[in-house]
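These notes are about the structure you will find just below.
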Amino acid sequence: MSAALSLRQIRKSYGAVEALKGIDLDVPQGKVMAICGDNGAGKSTLIRIVSGAQEPSGGELSLDGTKVVFASPHDALVQGIATIYQDLALAPRLSIWENIFMGAELVRRVGPFSVLDKRRMAQDARGYLQRLSVPIDDMERPVERMSGGQRQAVAIARALRWDARVVIMDEPTAALGVKETALVLNLVRKLRDEGRTVILISHNMADVVALADRVAILKSGMKVIERDVAGLDADALAHMVMTGRE
Ligand SMILES: Nc1ncnc2c1ncn2[C@@H]1O[C@H](COP(=O)(O)OP(=O)(O)OP(=O)(O)O)[C@@H](O)[C@H]1O
Ligand SMILES: [Mg+2]
């Protein structure tokens, strides 16, 4: 089993607080890996490091076996890691296609000039959403007029636009109802079906059991459990998160 992303002895201190105390983790290529743990366990800190938002205090990251250092989230994105934060970082009043291509618009040449290639961006945007089984025709629709699940789809489409090999999602269903949650779980399956690797931060054990191939459980900045999810139910998993023991 090859690892898309490997962490070796990743540490992070905030002053006297040791948020991560030496995490080793191999995230298998093409699988969904859940990261669970109580409040303050270090999940968000870990994600900020893997997404390039923060530097670790120590340790190494590798992508497909090659050591990497991320200078910024954009740098991580360019190298193949897209992170979808809970607030999604979408611009609500902008259109679907504008959100998907934000900061990396497609242009075409017109004589000596380059102009935005809106038609192609709208076309590609529609294609990404179709790939995610979220068929929407009007790419001019502002994101604020979409459902929570559809907004997740737009955020994921942005990861597809970058052809991200690893997609990190922080609590993607936390604010959603039953129907929207089902939509988002389906989006994650689509990503995996395309051979992408997904890291899923979740407090929702039912989601983890439904989706994840593997789970890592953090406690007080340490990885206390890492195992396959097959054979576990939500109660067993919740118990492991609580006690830190299998
Ligand atoms: N910027 C910061 N400055 C100081 N301490 C921090 C900072 N960010 C996180 N911490 C501390 O690091 C530890 C891990 O926090 P982190 O946010 O990673 O936990 P978490 O697992 O994401 O928790 P939650 O489930 O509540 O989101 C906590 O003790 C937290 O107080
Ligand atoms: Mg957190």
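Keep in mind it's a predicted model, so treat the numbers as computed, not measured. Whatever order the structure lists ligands and atoms in, that order sets their numbers, starting from 1.
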Checklist entry - Picking from R192, R227, K31, what satisfies salt bridge (charged side-chain N to carboxylate O under 4.0 Å, His left out) with D213? => result R192
Next on the checklist: With the threshold set strictly below 4.0 angstrom, can you tell me whether any protein non-hydrogen atom sits that near atom 31 (O) of ligand 1?
Outcome noted: no
Checklist entry - Between the Mg ion (ligand 2) and T45, is there an N, O or S atom separated by less than 2.8 Å? => result no
Checklist entry - Among all protein non-hydrogen atoms, which one is nearest to atom 26 (O) of ligand 1, and what is the separation to 0.1 Å? => result N39 ND2, 2.9 Å
Checklist entry - Got an N/O contact under 3.5 Å between A41 and ligand 1? => result yes
Checklist outcome for this item: For atom 16 (P) of ligand 1, the closest protein heavy atom turns out to be T45 OG1, 3.6 Å
Item to check | Option set G221, S220, C36, S44, criterion heavy-atom distance to atom 17 (O) of ligand 1, minimum | outcome: S44
Checklist entry - Counting only heavy atoms not in E55, do more than 12 sit closer than 6.0 Å to its CD atom? => result no
Next on the checklist: So is E171 touching ligand 1 or not, going by heavy atoms under 4.0 Å?
Outcome noted: no
Checklist outcome for this item: The closest protein heavy-atom partner of atom 6 (C) of ligand 1 is Y14 CD1, 3.2 Å
Checklist entry - Hey, is the main chain of G52 close enough, under 3.5 Å, to the side chain of Q54 for a donor-acceptor pair? => result no
Item to check | ligand 1 to G40 polar contact by distance, N or O atoms, under 3.5 Å | outcome: yes
Checklist entry - Quick one: do V184 and I35 end up in the same hydrophobic cluster if we chain Ile, Leu, Val, Met, Phe, Trp and Tyr together by side-chain heavy atoms under 4.5 Å apart? => result no
Item to check | Protein contact of atom 25 (O) of ligand 1 - nearest heavy atom, named by residue and atom, plus distance | outcome: K43 NZ, 2.7 Å
Checklist entry - Which word best sums up how the rings of W162 and H74 line up, parallel for under 30°, tilted for 30 to 60°, or perpendicular for over 60°? => result perpendicular
Next on the checklist: If you measure every N or O of Q54 against every N or O of ligand 1, does any of those distances drop under 3.5 Å?
Outcome noted: no
Checklist entry - So does F113 have more than 12 non-hydrogen atoms from other groups sitting under 6.0 Å from CZ? => result no
Item to check | Nearest-neighbour protein heavy atom for atom 12 (O) of ligand 1, which is reported as residue plus atom name and distance | outcome: A19 CB, 3.3 Å
